[in-house]
Trainee: 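Input: one structure, supplied below.
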Amino acid sequence: MNKVTNRQVICDTLLAAAKEDRNIIVACSDSRGSGSMTAFFEQFPAQSVEVGIAEQDLVSISAGLASCGRKVFSVSPACFLSTRSYEQAKVDVAYAETNVTLVGISGGISYGALGMTHHSLQDIAAMSALPGMRVYLPSDRFQTKAVVEELLQDEKPAYIRVSRSASEDLYSEDTVFSGGAKVLKEGKDVLFVACGELVAPCLHAAELLGEEGVSAGVVDAYRVKPLNEELILKAAEGVRLVAAAEEHSPYGGLFSMTAQLFSSKRPKKVIGLTLPDGHIVTGTQSEAFQYYGLTAEGIARRVKKELA
Amino acid sequence: MDELTKNSYKLRRIVIEAVYRSSSGHIGGDLSVVDILNVLYNKIMNVSPETRTDPNRDRFILSKAHCADCLYAVLGEKGYFDLEEYLNTFERFQSRFIGHTNTDIPGVEMNGGSLGHGLAVSVGMALSAKMDGRGYRTYVVLGDGEMAEGSNYEAMMAAAQYGLDNLCATVDLNGLQISGTTKEVMNSAPLGEKFKAFGWNVIEVMDGNHCEELVAAYEAAKNCKGKPTAVIAHTVKGKGVSFMENNAKWHHGVMSAEQYERAVRELEAMYE
């Protein structure tokens, strides 16, 4: 069982890159510990910026640094980063096209029982609505590394959301990622389009369905915006049902975008495997996933019901 | 009359022209901030159209970005772009001169329009200079109405925390905002005391429409070490046009032909 978190992978990848590039900056809002960025602050103090508990300031200062040629990674809990500093992301990052990557840590319901203030179930919707803002929800540590390495090569705004706990390994060191989506499994009856923490349960649901004679494919749409439409449409050829899965509200995220894609390009039934539009039950992330049927068993059950 | 003050007249005349032709613009604030921008661009800052991408150029952000009309006048007059294009297209269909600052316009360093952003962005710019050991300075101009935005106070803390003595903020304190006096709407006074409490060096300019007084303040700011400087410039909204002066209605107003002619006459008389 993998114990390396995706936030740790982000730090390690930036540490490696910062040795070669002194323009790489990490900025935190009293979040270096929760963002696993302590090592970066210790090894590259001159490339580290602490702004205190001030997310609006975090994003604007990052944009100012970026406008002077820096490549800034602004790291803060996804819940605060995506909503408290939303206007700064809109104006100073997206509109000004600054070289800032917003890193939303402990995304979705990672903080579990801490409640709605600490949940980010509208970040995909919010960030995707900003012109030019790319949105990434990597599903495992190898993909996280590849995404950060890719973002280090360009100078455009992006938002990455990762979970708090370690994610199950779905790939390996050798996996090559390109185009923002990956076919994990091909299928003839149903296609899962998933991102982030929901990719693994969908993959396992597909295996369970296979045992019962239902052929299920899985696309890991780790770049939610812009979505790799071509790859998803191709993977969905012939299937009766598309199921979009995400750790997000039912509105404005991957489910909405997938439904939009199929309704406009190839009409097909699309269902959403999401969290509800309402208060989330008190408990850990995995307890809540269980409660809302976002486990391999729950997802397989739902799909069978839809196909019946 | 000295050249700098004469230039303030010229800039006021350009702004009146642009705003009249487009029937839009924030003329009241333009006329209060124009001397600050004139002094910074033509006396204090190390900037020119030729060096607009030089990493060592001084940086400027107009946080009260609705006064873009005035900044465009200053930049156009300095030759960053064809002034006629600005005069003839400001805020018109398909123009690149939108009503708030945008980096599509040569010389503009940051997009603006929503208040309470510029100070924090300028902290990032000044911090970048410190990281590199570059000697450029960063200037930002805010409105006093804008000082109700809480994000400014986050930025004030950060600027002091990082000892950004290469950062100079100016508050164009004209005492008015769209709904009335700042005192009535949301009193941000005493601003000098607030900046001081946040660890800033503060210079009060009692006549912020007087070029010489502004020059002295900015020169003094350059000599302050270890902390950022706030120049609190007491200005008059609508300065130079009698029917606009100290009148919140002219925060954003459209001149009739008669008012336009009167404004031009008054400006000419003021500097004669």
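Keep in mind that the numbers below use all heavy atoms, side chains included, and drop hydrogens, waters and symmetry copies. Convention: sequence-line order gives letters A, B, ...; per-chain numbering from 1. What you see is a predicted model, and the numbers here were worked out from it, not measured in a lab.
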Trainee: Between B:Tyr153 and chain A, with a heavy-atom cut-off of 4.5 Å, which part of the residue counts as in contact: side chain, backbone, both or neither?
Mentor: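 No part of B:Tyr153 comes within 4.5 Å of chain A.
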Trainee: Is the ring pair B:Tyr86/B:Phe97 parallel, tilted or perpendicular, if the boundaries are 30 and 60 degrees?
Mentor: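 Judged by the thresholds at 30° and 60°, the geometry between B:Tyr86 and B:Phe97 is tilted.
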Trainee: Less than 3.5 Å apart, any donor N or O on the side chain of A:Ser31 or A:Ser34 sitting next to an acceptor on the other?
Mentor: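 Absent: no donor and acceptor within the cut-off.
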Trainee: Pick whichever of B:Leu127, B:Leu119, B:Thr103 has the most heavy-atom pairs under 4.5 Å with chain A.
Mentor: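 Ranked by heavy-atom pairs under 4.5 Å with chain A, first place is B:Leu127.
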Trainee: Should the pair B:Tyr41 and B:Phe60 be assigned to parallel (<30°), tilted (30 to 60°) or perpendicular (>60°) ring geometry?
Mentor: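 Perpendicular.
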Trainee: Which atoms of A:Thr98 are under 4.5 Å from chain B, going by heavy atoms: the side chain, the backbone, both sets, or neither?
Mentor: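 Side chain only.
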Trainee: Below 4.5 Å from any heavy atom of chain A, which atoms of B:Met131 appear? Answer side chain, backbone, both or neither.
Mentor: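 Both parts, backbone and side chain.
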Trainee: Under 4.5 Å from any heavy atom of chain B, what part of A:Glu97 do you find: side chain, backbone, both or neither?
Mentor: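 For A:Glu97, there is no contact with chain B at all, as no heavy atom is under 4.5 Å.
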Trainee: Check whether B:Asn201 reaches the backbone of B:Cys224 with its side chain - one donor and one acceptor, N or O, closer than 3.5 Å.
Mentor: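 A pair under 3.5 Å: no.
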Trainee: Which one wins on heavy-atom pair count under 4.5 Å against chain A: B:Thr138, B:Asp132, B:Ile61?
Mentor: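 With the most close heavy-atom pairs to chain A, the winner is B:Asp132.
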Trainee: So that I can tick it off, tell me whether A:Glu87 and A:Lys90 are bridged by a salt bridge, with the cut-off set at under 4.0 angstrom between side-chain N and carboxylate O.
Mentor: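 Salt bridge between A:Lys90 and A:Glu87, a charged N being under 4.0 Å from a carboxylate O: no.
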Trainee: For the residue pair A:Gln285 and A:Ser163, confirm or rule out a side-chain donor-acceptor distance under 3.5 Å.
Mentor: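 Yes - a donor-acceptor pair under 3.5 Å links their side chains.
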Trainee: Could you look at A:Val49 and say if it's the side chain, the backbone, both or neither that has a heavy atom under 4.5 Å from chain B?
Mentor: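 It is both, since atoms from each part get that close.
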Trainee: Which one, A:Val72, A:Leu65, A:Leu58, A:Val91, leads in non-hydrogen pairs under 4.5 Å with chain B?
Mentor: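 Heavy-atom pairs under 4.5 Å are most numerous for A:Leu65.
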Trainee: I'd like to know if the side chain of B:His66 reaches the main chain of B:His100, judged simply by a donor and an acceptor atom lying under 3.5 Å from each other, with no hydrogens or angles considered.
Mentor: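 Side chain of B:His66 to backbone of B:His100: no pair is present.
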Trainee: Is a side-chain donor or acceptor of B:Asn166 paired with a backbone partner of B:Ala126 at a separation under 3.5 angstrom?
Mentor: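 Judged by distance alone, yes, a pair lies under 3.5 Å.
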Trainee: For A:Ala46, is it the side chain, the backbone, both or neither that has a heavy atom under 4.5 Å from a heavy atom of chain B?
Mentor: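 A:Ala46 touches chain B through backbone heavy atoms alone.
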Trainee: Output the option from B:Gly113, B:Ser114, B:Pro55, B:Gly124 having the highest count of non-hydrogen pairs under 4.5 Å with chain A.
Mentor: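 Option with the top pair count is B:Gly124.
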Trainee: Please look at B:Asn152 and chain A and tell me whether the side chain, the backbone, both or neither of the residue comes under 4.5 angstrom of a heavy atom of that chain.
Mentor: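 When you check distances to chain A, no heavy atom of B:Asn152 falls under 4.5 Å.
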Trainee: For B:Arg134, which atoms come within 4.5 Å of any heavy atom of chain A: side chain, backbone, both, or neither?
Mentor: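 Neither the backbone nor the side chain of B:Arg134 comes within 4.5 Å of chain A.
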